[in-house]
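Structure first, commentary second.
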Amino acid sequence: MPELPEVEVTRRSFADRIAGAHIVSASLGKPLRWPLGIDCAALAGRQVLGVRRRGKYLLLDLSEGLLLLHLGMSGSLRFAGPGEAPLGAAGAHDHFDLQTTQGLLRLHDPRRFGAVVYVPGEDDALARKLLDHLGMEPLEDSFSLEAFRRGLAASRSPIKQLLLSGSVVVGVGNIYASEVLFLSRIHPARPARDIGPRKVRALHEAIRAVLALAVEQGGTTLRDFSAANGMEGHFQLQARVYGRDGQPCTHCSRPIRLMRQGQRSTYYCVHCQAA
DNA sequence: CATGTTACCTGGTCGC
DNA sequence: TGCGACCAGGTAACAT
């Protein structure tokens, strides 16, 4: 479900409310992708200093160590502070509860591809394994055109798959990959290194613009995504190609095509995104 | 090494 | 209505 915009919208929807809170208790439901790595009881008493994001990971900085959260394909968080409607008893797909002095944070994740991992510090082996290989942050100034150009030039992979891999730039998932390639008029199967400088520039700009707009729109809600405050996203209303198989291209009116790349669906316009 | 494939898990949808 | 096949927003681990 969640690509960078959904994760960032989720972060913003509870970061301020949980910052400064002390953990009262934590509990786990069914196993997620990895073990928590610490006894739930040992988390009690620690303070949540803040919430950061790296790629599609959320990092809860604690007074001692940090909690690394990933929403996988179907995860979402919910946070209810005092005076808000309580979240109630954990349901069949609620797999992590963090009760704090400022509210309850709950992870809901039917497919359980998500993760909650305690790491003692940033130099922890697991944290490094998960975070160190990640590419540039698309909404940071460090995501320069020149660095992006170098990243693409180093790969023969089809551009769609290179974007999905996150090795050059993080956060562009299956929906936004199709969207940014449409906007920059690049064929999804084109080898990254063969993309001309003007199109690289257009793609760089599209990534920044689309992700920023999607964050503004509250992300994309296809089925059940909502931020930690329950708000749904609206970006799906302006998707140009994703999920529009057979419908007319907004630019040339020819039908949008669906193709498979590495077991994932790619939507594109054969005419506007010529090979 | 870079690149392509598999596996993880549940639920919804579609065709028969 | 039931059942199987296939699809879904991610990504580490493995195979080639």
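Atoms considered below: every heavy atom in the structure, side chains included; atoms not considered: hydrogens, waters and symmetry mates.
Considering CG of A:N229 and OG1 of A:T10, their distance stands at 8.5 Å, rounded to 0.5 Å. We find the CG-NE2 distance between A:D97 and A:H108 to be 12.0 Å, quoted to the nearest 0.5 Å.
Between B:dT6 and A:Q263, a contact under 4.0 Å exists linking OP1 or OP2 to a side-chain N or O. Taking 4.0 angstrom as the limit, A:S157 places a side-chain polar atom (N or O) nearer than this to OP1 or OP2 of B:dT3. Side-chain N/O atoms of A:S74 include none lying less than 4.0 angstrom from OP1 or OP2 on B:dC9. Considering only side-chain N and O atoms, A:Y242 lies under 4.0 angstrom from the phosphate OP1 or OP2 of C:dG9. Here A:H70 reaches the OP1 or OP2 of C:dT11: one of its side-chain N or O atoms lies under 4.0 Å away. Regarding contacts with the backbone of C:dG10, every side-chain N or O of A:Y176 stays at 4.0 angstrom or more from both OP1 and OP2. OP1 or OP2 of C:dT11 sits under 4.0 Å from a side-chain N or O of A:K56. For A:R264, no side-chain nitrogen or oxygen approaches OP1 or OP2 of C:dT11 to under 4.0 Å. Residue A:R193 has no polar side-chain atom (N or O) positioned under 4.0 Å from OP1 or OP2 of B:dT3. Proximity of A:S265 to the phosphate of C:dA8: a side-chain N or O atom is located under 4.0 Å from OP1 or OP2.
Between A:K129 and A:L126, some side-chain heavy-atom pair lies under the 4.5 Å cut-off.
Rounded to an integer number of Å, the gap from A:L71 CG to C:dA8 C1' is 16 Å. Atom P of nucleotide C:dG10 and atom CZ of A:R33 are separated by 12 Å, given to the nearest angstrom. For the pair A:H133 NE2 and B:dT3 P, the computed distance is 15 Å after rounding to whole Å. One can place CG of A:L162 at 8 Å from P of B:dT3, the figure rounded to the nearest angstrom. To the nearest angstrom, P of C:dA12 lies 19 Å from CZ of A:R112. Atoms CG (A:L152) and C1' (B:dA2) sit 16 Å apart, rounded to a whole Å. Straight-line distance from the CD atom of A:E3 to the C1' atom of C:dG10: 9 Å, rounded to whole Å. Rounding to whole angstrom units, CH2 of residue A:W34 and P of C:dA13 are separated by 7 Å.
For CZ of A:R201, the number of neighbouring non-hydrogen atoms (other residues, nucleotides, ligands) closer than 6.0 Å is 12 at most. Residue A:D194 places its CG atom among more than 12 non-hydrogen atoms of other residues, nucleotides or ligands, all under 6.0 Å distant.
Closest to the side chain of A:E6, from the set B:dT3, C:dA12, C:dG9, is C:dG9.
By the criterion of a centre-to-centre distance under 5.5 Å and near-parallel planes under 30°, the ring of A:F113 forms a stack with the base of C:dG10.
With both ends at atom P, the span from B:dC1 to C:dT11 equals 23 Å, rounded to whole Å. Nucleotides C:dC6 and B:dT6 place their P atoms 14 Å apart, quoted to the nearest Å.
Between the base of C:dA8 and the side chain of A:R111 there is a donor-acceptor pair shorter than 3.5 Å.
A:G173 comes within contact range of the sugar-phosphate backbone alone, with a heavy-atom separation under 4.0 Å but no base atom that close.
Both A:R223 and A:P158 sit near DNA chain B, but only A:P158 has its closest nucleotide nearer the 5' end.
Using N1 to N3 plus N6-O4 or O6-N4 for Watson-Crick, or N1-O2 and O6-N3 for G-U wobble, each under 3.5 Å, C:dT16 pairs with B:dA2.
Checked by atom type, the side-chain pair A:R260/A:S265 shows a donor-acceptor distance below 3.5 Å.
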